[in-house]
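Read the structure below first, then the notes.
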Amino acid sequence: METEMKFPDLIFPEGFLWGSAISAFQAEGGVIKNDWSEVAGPSKVKDGSSAAEAVHFWKYYNEYIDMMRAMNHRIFRMSIEWARIEPEEGVYDEEAIKHYRKIISGVSSAGIKPVIDLHHHSNPIWLCRKGSWLNGGIVDDFRRHTKKVIESFGDLTDTWLTINEPVVYAAAAYMLGLFPPQSHSVLKMFKCTGNMAKAHIAAYETIHETFSNNNWGVPRVGFAHHLRPVRPHNPKSPADILSAWLRDYIINLDFLNRINKHSRTIDIFCFNYYSSDRVRFFNNVIPDERFKKSKLGWDIDPEGFYEVLKRYWNEYHLPILITENGICDENDELRPGFILDHVYQMHRAVRDGVDVQGYCHWSTMDNFEYTDGLDARFGLIHVDHSRPEKTRTIKQSGNLFGEISAANGITAGIVDRFNPGWRPL
Ligand code: BGC
């Protein structure tokens, strides 16, 4: 008789923070005078949708928080939309600031720790008129923005992120033509990265200063990096190796080197993990046939997650927070297995001594996915975009995630209930 293979429960250290993440522009809805409001109209988005309503997080935040509580969240990552609190240069919308305070306090009152980004892939229109991230003046603008945000909300949480995925933003906006201003210039991309690095350093200092001036204790500041293993297509080809080395340097290392050149300007190592790249000379990314694909065609490589956790722990020895990890999956078929596979790899890293303190799934709910629009579903919560009230339902993967959080890890019972065939690799 064949005996069923058993595996031990995969339990995380006490106090591990399980939760999810959103960004303001992708979820809030409403009138936001940012650069996307000029390009994200029906004609530019693949599915013809728009972020005008997004998923009405601004309006229904209490309902979303209730659902996060139902999924046993301990952490929630969100962002403050610069254009919403400062719609015109130097003019602040105090009502919007009050509303954000309500949202953040609501999150805390639900026993969920808020983690807040100052910048997540969008900019006020007034800033764009001045040249946005290509104008060196952005560093002072960002410092001022940081000061205002921290003075307004610094008493509500101690964990702050300056910029989401600076390298992805710089490439998408200035080289690949995907985000506004849709440029195609390598030089502009590096200029943007350089200014983002300076702005990060200025924001890091400002957050620490503002906390200290207000006797709020010591904050934990980081930025949400995007990390991915980059491997040569043919490990014996010097050209492929060179191409992989260069891509790895630009995507993974360059920004870290810039911000930590003189002194370390991160207190917590935060990163988003989605996939890995296999590259052929020159910078030609080809799908890896060993991996399943997400609905957007991205390689699903859970072991790559373990690889990056180990790599940056060995390099930095800073506590790690996973600020995003998720999959575009229309019908929630792949997400449960995706979550189990990635949590398992994260557990392997923890077992090896890596200090991972929390994990935010991307995303809390289906939301507006830039050029892929509303059809690209990343959420633990399903949103019916066709209904004005944005009807919300926790998906099976959301229930699974809630159970993992309650058990503080993966147990055999959870696997039996949600994905009986699943086993750790
Ligand atoms: C971004 C999110 C985005 C997600 C999925 C990350 O690069 O931070 O805003 O929705 O990936 O594409």
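Note: hydrogens, waters and symmetry copies are ignored here, and every other heavy atom, side chains too, is used. Every number for a ligand or one of its atoms is a count from 1 in the order of the listing. Along the sequence shown, residues carry numbers from 1.
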Would you kindly specify which portion of N367 sits under 4.0 Å from ligand 1, judged on non-hydrogen atoms: side chain, backbone, both or neither? neither
Give a yes/no verdict on a cation-pi contact between K390 and Y60, requiring under 6.0 Å between NZ or CZ and the six-membered ring centre and an angle within 45° of the axis. no
Salt bridge D254-R258, side-chain N to carboxylate O under 4.0 Å: yes
Tell me which part of W298 gets within contact of ligand 1: side chain, backbone, both or neither, using heavy atoms under 4.0 Å. side chain
If you scan protein heavy atoms around atom 7 (O) of ligand 1, the nearest is E165 OE1, 2.4 Å
Going by distance only, is there an N or O of N164 that falls short of 3.5 Å from an N or O of ligand 1? yes
Would E151 and K147 pass as an ion pair if we require N to O under 4.0 Å? yes
Electrostatic pair E209-R143, nearest N-O below 4.0 angstrom: no
Numbered in order shown, the ligand 1 atoms found under 4.0 Å of a heavy atom of H120 are 1 (C), 2 (C), 8 (O), 9 (O)
Polar side chain donor-acceptor pair, D332 to H382, under 3.5 angstrom: no
Taking atom 4 (C) of ligand 1 as the reference point, the nearest protein heavy atom with its distance: Y274 OH, 3.4 Å
Quick check with a 6.0 Å cut-off and a 45 degree axis cone: is R228 positioned over the face of W298's six-membered ring? no
Polar atom proximity, Y370 to ligand 1 (N or O, under 3.5 Å): yes
When you measure from atom 1 (C) of ligand 1 to every protein heavy atom, which one gives the shortest distance, and what is it? E324 OE1, 3.4 Å
Any atoms of ligand 1 less than 4.0 Å from a non-hydrogen atom of Q26? List them with their elements. 2 (C), 3 (C), 9 (O), 10 (O)
When distances are taken from atom 12 (O) of ligand 1, the protein heavy atom at minimum range is E369 OE2, 2.5 Å
More than 12 heavy atoms from other groups under 6.0 Å of NZ on K188: no
